[in-house]
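What you see below is based on every heavy atom in this structure, not just the backbone, and it leaves out hydrogens, waters and symmetry mates. Everything numeric in this text was worked out from a predicted model, so none of it was measured. Within every chain, numbering begins at 1; the chains are lettered A, B, ... in the order of the sequence lines, protein sequences first and strands thereafter.
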Amino acid sequence: MSHSRDDADALLADTVRREASSVVAFLYRLTGDFDVAEEAVQEALVSALHSWRRDGLPDVPGAWLTTAAKHRAVDLLRRRARQRRLEGGLDGPLDSALDGPLDGPSWSDGLPGPADADDRVPLLFGCCHPALAVEARLALTLRAVVGLTTARIAAAFLVPEPTVAQRIVRAKRKIGSAGIPLAIPGPEELPARLDDVLTVVCLAYTAAFLDPSAAGQGGLAADAVWLAELVCATLPGEPEAWGLLGLLTLQQARARARFDADGSLVLLPDQDRSRWDHRAIASAERYLERAAVWRRPGRFQLHAAIAACHASAPTWAETDWLQILTLYDVLVRYDGSPVIRLNRAVALAEYAGPERALHEVDALAHRLSGYHLLHATRAELLRRLGRTDEATAADREALRLATEPVDRDILSARLAAAQERSAADA
Amino acid sequence: MKYVLMYTSRPDLDEAVPAERQAEVYQQIFGWFEKYGATFVDSGAELQGAHTATTVKAPADGGGPVVVDGPFTEAKEMIGGFSIVDVPDLDAALAMAREWPALVFPGVAVEIRPIVDHGEM
């Protein structure tokens with residue numbers, strides 16, 4: 001029976017999400033070489049796609065992938081050992097690994113199977129280690145834990161592919177040479193390190209957030225949700241992990257309403273709330289209740305609580321703005337960034353009117369002058385106050401600074417509408 | 001794994017620290033070395049101030065090496081000493097470095113570098 005290309009591609013994507021990082025972690029344990037483990041899995045994925053498209057799908061895709069990756073790892077180790085001998089280097093631990101079980105008949109069946117789910121989270125902590133630059137953490141996580149190709153990562157972050165490849169190579173090299181452990185840190189370091197991990201997962205989601213093609217159930221957004229689920233399953237006693245999972249689930253629940261039929265961005269006040277996924281919203285609420293049990297609030301739980309207020313409101317106008325303002329007031333204690341204060345000002349406009357909100361936004365202007373949403377928010381408030389000329393000037397400034405196509409479209413539409421109105425008034 | 005810990009500071013900022021406060025932290029540094037005694041391969045050395053440094057530099061254009069007064073870099077940060085430790089991984093080295101008593105002073109830093117492993121002899 002022959003399978004379509006799409007079947008093979010879809011199954012591979014699914015298998016990658018579920019299995020690839022386990023296989024990386026397993027091979028790392030076996031070979032002690034992160035580079036070899038990761039490269040072997042990448043090569044196995046390429047050959048999997050080729051072979052599954054040609055021969056149809058295997059019965060147990062995960063096992064197929066593990067076996068293929070093991071063979072690649074042996075090849076890679078052999079190649080390197082040979083290279084080393086040619087270079088006159090010392091026969092080190094690589095050779096003893098080669099002479100040991102790796103090369104023996106027990107290699108394919110006498111050894112334990114891929115690491116269990118728990119092994120992927122230690123890998124994630126290693127990839128998100130603070131000794132790596134933030135961009136490197138993100139790229140390495142998507143490559144080694146999620147199993148994305150360098151090309152896909154590059155496309156998601158609008159970065160040239162060689163740049164991403166170089167970040168990954170450098171990060172892998174540093175993990176090996178600097179002795180970065182692939183392990184969940186002890187209780188003393190865990191809160192800070194978990195925050196680093198959750199930040200990377202959140203950044204991965206954000207990259208998908210503004211991409212209309214990623215708004216569906218597949219893609220990078222779903223990968224990020226999957227990562228958050230993985231962390232929760234492994235560290236179920238960490239409220240911030242549940243907070244992030246709740247936040248991402250709420251964002252996903254609104255994903256379908258975020259773009260209209262033409263792929264244009266629809267902002268929250270204008271979204272068709274009947275298109276929200278109410279089952280997902282109910283799940284997210286359960287995650288947040290779970291998080292609240294520990295009474296240890298944090299920025300992800302607070303962001304999620306704000307998103308939950310929006311999710312439970314029947315309309316923009318009927319939103320519980322006082323509740324949202326109160327949550328923002330707590331959130332600024334955990335994250336005092338001016339962007340959070342700007343978001344708070346939007347809620348303040350709904351609760352206390354545009355005049356007071358404009359006052360707050362103007363106070364942030366010197367710190368956010370290069371941020372298009374500061375100017376877009378000012379424009380909206382000025383328009384409500386009837387100061388149309390100033391509003392148009394602010395929208396123009398926002399358009400000048402905006403880089404994302406979806407943002408630029410909205411701003412251009414606003415400017416066009418303002419021009420029409422002023423032409424009608426004249 | 002073996003790492004070098006490089007203890008650095010900003011001499012211009014160090015000057016502002018009162019002598020008795022410096023002595024206090026110096027005592028804590030002794031305690032720190034005692035606490036981590038077992039991890040040291042070589043407790044290293046505390047260096048004389050940067051004003052005592054002399055540097056031999058590669059010549060800019062031909063000729064032999066050039067001897068110059070002062071440290072090798074113009075940076076404000078100076079390496080004040082170093083030690084070599086043998087610990088399981090970077091996290092263990094980071095845990096030690098985080099407790100370096102002089103980190104209470106502004107401008108102080110500890111750089112951690114793995115040592116090149118030339119194989120077991």
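Counting only residues at least two apart or in different chains, ring pair (Phe, Tyr, Trp, His ring centres under 6.0 Å) contacts with residues 50-95 of chain B are absent.
Checked against salt bridge (charged side-chain N to carboxylate O under 4.0 Å, His left out), B:Arg21 has the following partners two or more places apart in sequence or in another chain: B:Glu24. Under the salt bridge (charged side-chain N to carboxylate O under 4.0 Å, His left out) criterion, B:Lys76 pairs with no residue, sequence neighbours left out.
Counting heavy atoms of neighbouring residues, nucleotides and ligands inside a 6.0 Å radius, atom CG of B:Asp69 does not exceed 12 of them. Few gaps surround CZ on B:Arg10; more than 12 heavy atoms of other groups in view lie less than 6.0 Å from it.
Against chain A, the residues from residues 86-115 of chain B that qualify, each with a non-hydrogen atom under 4.5 angstrom away, are B:Asp89, B:Leu90, B:Asp91, B:Leu94, B:Arg98, B:Pro114 in number order.
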